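Remarks on the structure that follows.
Every value quoted in this text rests on a predicted model; they were computed, and no experiment measured them.
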Amino acid sequence: IADCAALKERAAAHAAPVWVAMEYRYMPPIAELVHSVRAGDIGALKMFAIREHRYPFLEKVGDWNRFSARTGGTLVEKCCHFFDLMRLIVGAEATRLYASGAMDVNHRDERYDGKAPDILDNAFVTVDFANGARAALDLCMFADGSYWQEEIAATGDRAKVECFIPGPARFWKGEGGFPEAEIALSPRGEKNPRRRKVHVDEKALAAGDHHGSTYYQHLRFRDAILGDGDVEVTMEDGLKAVVIGLAAEISAREKRAVEIEGLAIR
């Protein structure tokens, strides 16, 4: 937290725009889900759930992503993106959470300079927010064969909106070609979900592994650089997402609920 706060202070004095790269906001199906929630399609948001069942961490330069001392842990290094998404959609700050996680399958036989990796490969995290809404993360990083990599649901008092997103196209080996993402709106009292595909340009998909967001986010960043738009993901956003991730790591390690107030974790 001290490192992030110092970085935020330095960024505030920087002349050029500083934008924290939170990719999930800019995936077209998630962007549509955010729009649906803000348009009031589901009424008042009460529950928000993210399931990511995916492949293990890839090999990175110097194997830096194998140790919590370098990354803050899986729930920081990777899942800060999901906690950012929770804050964005819920529209409030996290106040309390409970996490349960472990390293059960991946990296257990790996050694780097004689040291064993210590990062989580699966976890559940439940987060309470100041406005009374609750959010949950279901993470599994040894579910490589899943049809959908992310399944995200926002449920209100009038309806539920969901989006379904496949993993990177370069890993797809299924029949019938790479699937398109989907979004569904399910009003209460009707067993008739309105489901449709969300098309993403193939060139945008090829520009990165985050379902086109690499391209779309950079377009918005370009606007900010040229003075044609605002910085949409601030250092404050990045810092608060990291605080939630750090609190989740503490909760999983110490097997207890953790309180969050501002930048303080108790």
Can you tell me if H53 and Q149 form a side-chain donor-acceptor pair at under 3.5 Å?
no
For residues F48 and L137, determine if any side-chain heavy atom of one lies less than 4.5 Å from a side-chain heavy atom of the other.
no
Do we see a donor-acceptor contact under 3.5 Å between the side chains of H107 and D118?
no
Side chains of residues 1-14: which donor-acceptor pairs under 3.5 Å do they make with residues two or more places apart or in other chains?
unit_1: K8; atom_1: NZ; unit_2: E236; atom_2: OE1; d: 2.2

Exercise: do Y215 and Q217 side chains pair donor with acceptor under 3.5 Å:
no
Run the side-chain donor-acceptor check on residues 28-35: report pairs under 3.5 Å with partners two or more places apart or on a different chain.
unit_1: E32; atom_1: OE1; unit_2: R196; atom_2: NH1; d: 3.1
unit_1: E32; atom_1: OE1; unit_2: R196; atom_2: NH2; d: 2.4

With sequence neighbours left out, what residues match F124 under ring pair (Phe, Tyr, Trp, His ring centres under 6.0 Å)?
none
Does R195 qualify as a cation-pi partner of F164, given the criterion of NZ or CZ under 6.0 Å from the six-membered ring centre and within 45 degrees of its axis?
yes
Please name all residues satisfying ring pair (Phe, Tyr, Trp, His ring centres under 6.0 Å) with F221, sequence neighbours left out, ordered by chain then number.
W19
Quick test of your reading of the model: are R54 and D144 salt-bridged, counting only N-O distances below 4.0 Å?
no
Is the shortest side-chain N to carboxylate O distance from E110 to R108 below 4.0 Å?
no
Compile the donor-acceptor pairs under 3.5 Å between side chains in residues 241-254 and protein atoms, sequence neighbours left out, one pair per line.
unit_1: E249; atom_1: OE2; unit_2: T74; atom_2: N; d: 3.1
unit_1: E249; atom_1: OE2; unit_2: L75; atom_2: N; d: 2.9
unit_1: S251; atom_1: OG; unit_2: A99; atom_2: N; d: 2.8
unit_1: S251; atom_1: OG; unit_2: R256; atom_2: O; d: 2.5
unit_1: E254; atom_1: OE1; unit_2: R256; atom_2: NE; d: 2.6
unit_1: E254; atom_1: OE1; unit_2: R256; atom_2: NH2; d: 3.1

Partners meeting salt bridge (Lys or Arg N to Asp or Glu O under 4.0 Å) with D121 (sequence neighbours left out):
none
Please determine whether a side-chain nitrogen of the Lys or Arg among D157 and K46 lies less than 4.0 Å from a carboxylate oxygen of the Asp or Glu.
no
Regarding R70 and E77, does a basic nitrogen lie under 4.0 Å from an acidic carboxylate oxygen?
no
